[in-house]
Amino acid sequence: MSTSSTGVSITVLLPAGRLPIDLMEAIQEQATKYNLGIYCSLMQNIRLINVPDDVAGKVRDELALLGATFKGPGKFPLPRICVGKPHCSFGLVDTEKLSNELLARFENREKTKAKFKISIAGCTVGCSWTKNTDIAIMASRVGYSVYVGGKGGMVPRTGIRIIKMANKQEVLDIVEQLVEFHDLKTKSKQRMSKLINDPEFPFSEV
Ligand code: SF4
């Protein structure tokens with residue numbers, strides 16, 4: 001939950017960018033009841049804005065009844081994904097399924113240090129900004145590639161490819177290695193771009 005002069009914000013996490021109908025209805029109900037704004041975030045979540053301090057707890061409780069989870073310190077980042085197969089004619093893989101598998105891999109992780117993002121693309125077009133994300137998985141006709149160290153911001157950079165023609169298991173293992181390396185080398189907040197030149201970084205560009 002974040003605070004501003006116009007109240008607080010509550011970000012409802014939407015794995016794979018999916019918005020369940022019952023949750024959508026509950027969000028609409030709360031927004032109507034308390035005159036809240038609804039912002040669709042760039043990370044494919046929903047952010048309720050202008051939430052008065054004295055109702056924030058009630059709003060969260062109502063949404064939590066439907067299984068909603070909320071952005072907060074230590075949460076493992078949800079991958080930003082493209083719509084993928086079978087919803088895009090270029091899609092080579094089911095990006096929702098891959099995202100869910102990746103999240104399942106980290107579901108018992110108690111605290112993730114900020115700040116890195118993950119993205120998944122169902123083909124080499126890379127609609128989910130794969131090459132400008134800290135950790136990115138991109139499907140191709142010959143397997144997956146993983147990119148590391150991409151970012152946007154004032155000094156954008158393109159991530160480096162650390163593996164190509166990989167299978168899904170290899171990709172999940174590599175993401176875990178990267179997350180562990182980030183954890184080991186990060187005190188509070190750290191982009192992956194700062195870590196790829198570390199002498200102990202376990203991968204090279206391919
Ligand atoms: S990255 Fe490829 S599969 Fe995903 S939406 Fe774009 S064109 Fe479609």
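We count ligands from 1, going down the list as the structure has it; atoms in each ligand are counted the same way.
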- Counterpart residues, side-chain hydrogen bond (donor to acceptor under 3.5 Å, both in side chains), relative to Ser119 (two or more places apart): Thr133
- List the atom of Arg60, the atom of Phe70, and the distance in Å for their closest heavy-atom pair. O-CZ, 3.5 Å
- What residues, two or more places apart in sequence or in another chain, satisfy side-chain hydrogen bond (donor to acceptor under 3.5 Å, both in side chains) together with Asp198? Lys185
- Message: Could you work out, with ring-ring contact (aromatic ring centres under 6.0 Å, His included) as the rule, every residue matching Phe116, not counting sequence neighbours?
- Response: His182
- In total, how many protein N/O/S atoms does one find closer than 2.8 Å to atom 6 (Fe) of ligand 1? 1
- Minimum-distance pair of heavy atoms, taken over all atoms of Arg141 and Leu92: NH1-CD2, 3.4 Å
- Flag the pair Glu101 and Lys97 as a salt bridge only when some basic side-chain nitrogen lies within less than 4.0 angstrom of an acidic carboxylate oxygen. yes
